[in-house]
**Student:** 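Have a look at this one before I ask anything.
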Amino acid sequence: MTMIALFLFADLAAGDVYHEIFEHANAAYAAGNFQAAANGYEQLAASGVVLPEVFFNLANAYYRQGRIGLAILNYERALRLAPGFDSARDNLDKALRETAHNLGRPLPPAWEQSLFFWHDALSYTETRTAAIAFWLLFWGLLALRQWRPLPYVRGAAMAAGLLTLAFTGSAWIKAHPHPLAVVVSDKAAVRHGKSDQESVRFELFEGDRVLIDRREDGWARVEKAGGERGWVRDSDVALVGPPYEFQTTRYDIKPNMEQVP
Amino acid sequence: MRGMRQRITAYMTAVAASVIVCLACDPAAAQPSVSASVDQKEVGVEELFIITVTAEGGGRIAEPVIPHSDEIRFNRSPLHQSSSTSIQIINGRPSRFTQRQWTFRAWATREGELTIPPIAVRIDDRNYLTEAIRIRAVKRASSPIPVPEAQRPQPRAEDRAGQDRMPTLDDAVRIESTVNKQRVYQGEAVQLELRILTLNMAGVRAQYNGRSIPPPTTEGFYALPPVQEERIETRDGWEYRTTLVRQLLFPTGAGTFEIGAWHWEGYIWGYTREGPHQTYKALSTPPIEITVRPLPPRPDNFSGAVGQFKVTANLLQTDVMQGAPTQLTVRVRGEGNPDAIGPPQLPPIPWAQVSGPITETRPFSPDEWGLVEKVFNYTILPLEAGERVIPEITFCYFAPAIGQYRTERVPPFSVHVNPAREADRLLVVGGAQEPAETRVTLLSEDIYGIVTHVSGLRPQRSGAATNAVAGLAPPLAYGALFLFTRRQRRFATDSRYARNRRARARARKRLRDMGRSETPADALYKALTGFLADKFDVNEAGMTSEDARMLLEAHHAPADVMENYLKVLRVCERERYAAARLNADELGALVCGAETVMDRLEEFLKKGAKS
């Protein structure tokens, strides 16, 4: 019992710490200290508080500093967590208009576009919840049929099974997203090979979104919308994630256990 | 179902009619004939040639009888044989005509003028002979693959020069690896062609020993996807079925690069005079060295393209509305790496907002191998009205043919931009009433502000445990429910099973209720006989200790169990007719004994069921 109470207190204390950081970051943002605000939001995100609102605020803080690439990166992160986050979508559109190319986002494979055309507006949590609900319904209907055969129960169970499959597939795809990355440097030369001696195939600009399919020796192989590929320095791009990579130092936040009674 | 039956009936009727027509045919209507021919009149000694025997007639045609000859040897198994039958109805009278053909491999054993003896074929129980054939045998070296004349490739005269032998299994498969140039500039296209050639003769077949033939190594080159096509080509006067794989390679750096050796190994099948023959062969092509020269110092406007290109551009409309977007399309077409073609230089257009380009690469077409078209689409949003100009567009690329950079130019476009009604009017200072110029101002909306209130600000937990529980719990619960309902249904439908499973519980209940009975011994007796009746699914009413003994014996109960069981029953029977009742201790001992013996019996029955 004591252990549970201690655990709950520790959890509450940790929640307070995260709220405190969030409030400080908001205050810094309001005061125009966008770098401090970005540090605060990034600190939260790096410690596992991966909420769409945190990424949205972080993106805004970068946008205010004129760091379009990092802003787009974090708007994308917010939208991956909450595709229905309209403010993030509008801000992303605005940020994209300020890029040199306004390059389109690389599209998922054709099979995914055909099979899962319906799931863009749903978040991972929503699809997972739907999958679990239909899974329970499927077994519940089977149990009902086992207990007392009623008309239409079999058909309903099959429909529930199919919906379970559809939402499980959707949840899996959302849990394993395509490795989308955003160019975070002003300009990135995309070369034919993993060397500065290789000839430049094309150039990317800050905020351009690409897919990364390989990362080797400090180089990343990128593919932009339209399928053009090449190697770019790893430091020029940042993965939308998860896992999340952050530009500033990693923070290790722990609740102050000494204050816990 | 009815349709299917009708179709089957119609089919059977047609077959029956055909059989009847065949039986009714007059085989004598067609005159029998036999003939023989050879694929060449002059053959090499020990070289295989083909003899074709044809027999025609209205009746049954037997296999030909190959004669014995010291000069000409035959392989008596035919290489090919065919048969055809036709039926004609003339003046209402059907007649049948059959033709059979065999091809045999044969070879001459010595030089000179030789005779192939007549070959006998039996048609309708009568023998018919072919005519003898004269051939000339000359001495020449070979280990040939023979094929019938009709299937043999006919080489051109110039290909035949110095080539007077038959192909052998060694000639059956070839591989080739070629490039169109070996000295190129960095980024210039090298066309690699890989060929697998298989002799185009009946019966010759080759199979690669593996799933797919690995391409040669092309390290240092950027490779476009290969294109494959099938064609017929001639080598050394023989026709080959060729699989041609073409690929464009672009050297990514300067220096000397190598396209590695290409390997093929597999089985080759072909007919020799001894019959079908198989051999295993490994083939390789030599590696190809490519010398790559570096590009000269690059100009600032270099697009990255190397090759030969033409640039064209067109504007979707030249008369546009202020604030309404239009599209400028620039096409770069030519020979070179499509992925290296960067966008052309579009100078700043102060009167419009330009976005893009959106690029599109046209795939290779088999008719225009090596040609590529890359399209750049720009969106032009006119901000100012009036007569405007899209300045000259330039595209700089390196042309290897002249070893220099070249700049393609697209002349300027004149655009008439009509003023929009809602455009801001910029008035000339001095108060003139006519607007000197109008301009559409792009709205500079601010971004949405930060979110200040968030609930649940804590590290997110992994949902793996929830997923596992949600995934496993329902099927497990369903499994339990399934077993439970199945058991319930069995209880409801299988009385033997139900009585057997409930026997012990019923007996215990009876023993518990014994205390309330006026005749406890009788109740105990009923509990024991009821237990037996339930266990063996027999009628309980009127069961005596003798019945119980027979029942236990029939089920091979152990002697001690049977003895104790019967002892308790008999005590109860005696008590029924005795004057004195059993006291409480005696009754307790009897109940105890009854429970023990029922347990033992149940244990024995369970063991028996398991074994």
Side-chain angles (χ1 to χ4, degrees), chain A residues 11 14-15 18-19 21-23 25-26 29-30 37 44 47-51 53-54 56-57 60-61 63-64 86-88 90-91 94-95 97 101-104 125 128 131-132 135-136 138-140 142-143 146-147 191-193 195 197-203 225-230 253, chain B residues 186-187 220-222 250-254 294-295 298 302-304 306 337-343 353 355-361 379 442 444-461 463 466-467 469-471 473-478 481-482 484-486 488:
Chain A
D11 204 35
Y18 300 125
H19 270 288
I21 296 168
F22 188 67
E23 294 300 335
N26 289 351
Y29 187 94
L44 280 175
S47 56
V49 185
V50 283
L51 293 175
E53 293 84 357
V54 172
F56 174 75
N57 288 2
N60 276 6
Y63 181 85
R64 292 291 184 208
D86 290 335
S87 307
D90 289 347
N91 284 5
K94 170 115 185 80
R97 282 203 293 272
H101 270 166
N102 196 359
L103 198 65
T125 315
R128 191 185 73 151
I132 291 173
W135 178 241
L136 292 174
F138 170 71
W139 288 104
L142 283 189
Q146 183 68 27
W147 188 255
R191 298 173 185 278
H192 283 102
S195 160
Q197 309 307 315
E198 299 281 358
S199 58
V200 177
R201 181 184 286 180
F202 57 92
E203 281 183 328
E228 284 179 276
R229 275 184 175 180
I253 294 188
Chain B
Q186 183 180 349
F221 292 91
Y222 175 70
F250 303 94
T252 56
L295 295 181
R298 296 156 199 219
F302 177 50
S303 66
V306 178
N337 182 0
D339 294 334
I341 302 172
Q353 193 207 21
S355 56
I358 294 169
T359 57
E360 183 192 338
T361 304
T379 303
L442 287 176
S444 178
E445 291 169 2
D446 197 9
I447 56 168
Y448 285 97
I450 57 167
V451 180
T452 51
H453 296 287
V454 181
S455 57
L457 262 179
R458 59 191 68 250
Q460 306 303 299
R461 294 192 176 91
T466 317
N467 288 351
V469 171
L476 289 177
Y478 176 78
L481 179 74
F482 175 79
F484 176 73
T485 50
R486 201 175 68 161
Q488 290 299 106

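All values reported here derive from a predicted model rather than from experimental measurement. Any value given below was found using the heavy atoms of this structure, including those in side chains, with hydrogens, waters and symmetry copies removed. In the text below, chain A, chain B and the rest are named by the order of the sequence lines, each starting its count at 1.
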**Student:** Tell me, side chain or backbone of A:Arg191 under 4.5 Å from chain B's heavy atoms, or both, or neither?
**Tutor:** neither
**Student:** Here's a test for you: under ring pair (Phe, Tyr, Trp, His ring centres under 6.0 Å), which of B:Tyr222, B:Phe250, B:Phe221 qualifies with A:His192?
**Tutor:** B:Tyr222
**Student:** Under 4.5 Å between any side-chain heavy atoms of B:Arg458 and A:Val49, yes or no?
**Tutor:** no
**Student:** Give the intermediate values and the outcome of side chain to side chain contact (heavy atoms under 4.5 Å, CB included) for residues A:Ser199 and B:Arg298.
**Tutor:** CA-CA 11 Å; A:Ser199 58; B:Arg298 296 156 199 219; 4.2 Å; yes
**Student:** Less than 4.5 Å to any heavy atom of chain B: does that hold for the side chain of A:Leu142, its backbone, both, or neither?
**Tutor:** both
**Student:** Considering residues, nucleotides and ligands other than A:Glu23, do more than 12 of their heavy atoms fall under 6.0 Å from its CD?
**Tutor:** yes
**Student:** Any heavy-atom pair between the side chains of A:Phe138 and B:Pro475 that's under 4.5 Å?
**Tutor:** no
**Student:** Which residue out of B:Gly187, B:Gly304, B:Gly449, B:Gly253 racks up the most heavy-atom pairs below 4.5 Å with chain A?
**Tutor:** B:Gly449
**Student:** How far does NZ of A:Lys94 sit from CD1 of B:Ile447, to the nearest 0.5 angstrom?
**Tutor:** 8.5 Å
**Student:** Find the distance between NE2 (B:His453) and NE2 (A:His19) and round it off to the nearest 0.5 Å.
**Tutor:** 11.0 Å
**Student:** Check whether any side-chain heavy atom of B:Asn467 sits under 4.5 Å from a side-chain heavy atom of A:Ile132, and report yes or no.
**Tutor:** yes
**Student:** Under 4.5 Å from any heavy atom of chain A, what part of B:Pro343 do you find: side chain, backbone, both or neither?
**Tutor:** neither
**Student:** Any side-chain heavy atom of B:Pro459 sitting closer than 4.5 Å to one from A:Tyr18?
**Tutor:** yes
**Student:** Less than 4.5 Å to any heavy atom of chain B: does that hold for the side chain of A:Glu203, its backbone, both, or neither?
**Tutor:** neither
**Student:** Please examine the side chains of A:Val54 and B:Val454, heavy atoms only from C-beta on, and report whether any two atoms are closer than 4.5 Å.
**Tutor:** no
**Student:** Between B:Phe484 and chain A, with a heavy-atom cut-off of 4.5 Å, which part of the residue counts as in contact: side chain, backbone, both or neither?
**Tutor:** side chain
**Student:** Give, as side chain, backbone, both or neither, the part of B:Thr379 having an atom under 4.5 angstrom from any heavy atom of chain A.
**Tutor:** neither
**Student:** Would you mind checking which part of B:Thr452 comes under 4.5 Å of any heavy atom in chain A, side chain (CB onward), backbone (N, CA, C, O), both or neither?
**Tutor:** both
**Student:** Considering all heavy atoms of both residues, which atom of A:Leu136 and which atom of B:Pro474 are nearest to each other, and what is their separation?
**Tutor:** CD2-CG, 3.4 Å
**Student:** Would one find more than 12 heavy atoms of other residues, nucleotides or ligands at under 6.0 Å from atom OH of B:Tyr448?
**Tutor:** no
**Student:** For chain B, find which of A:Ala95, A:Ala131, A:Ser195, A:Ser87 contributes the most heavy-atom pairs closer than 4.5 angstrom.
**Tutor:** A:Ser87
**Student:** Please check this pair: side chain of A:Trp139 against backbone of B:Tyr478, looking for a donor-acceptor N/O pair closer than 3.5 Å.
**Tutor:** no
**Student:** Can you list the steps and then say if B:Ile450 with A:Glu53 is a side chain to side chain contact (heavy atoms under 4.5 Å, CB included)?
**Tutor:** CA-CA 8 Å; B:Ile450 57 167; A:Glu53 293 84 357; over 6 Å; no
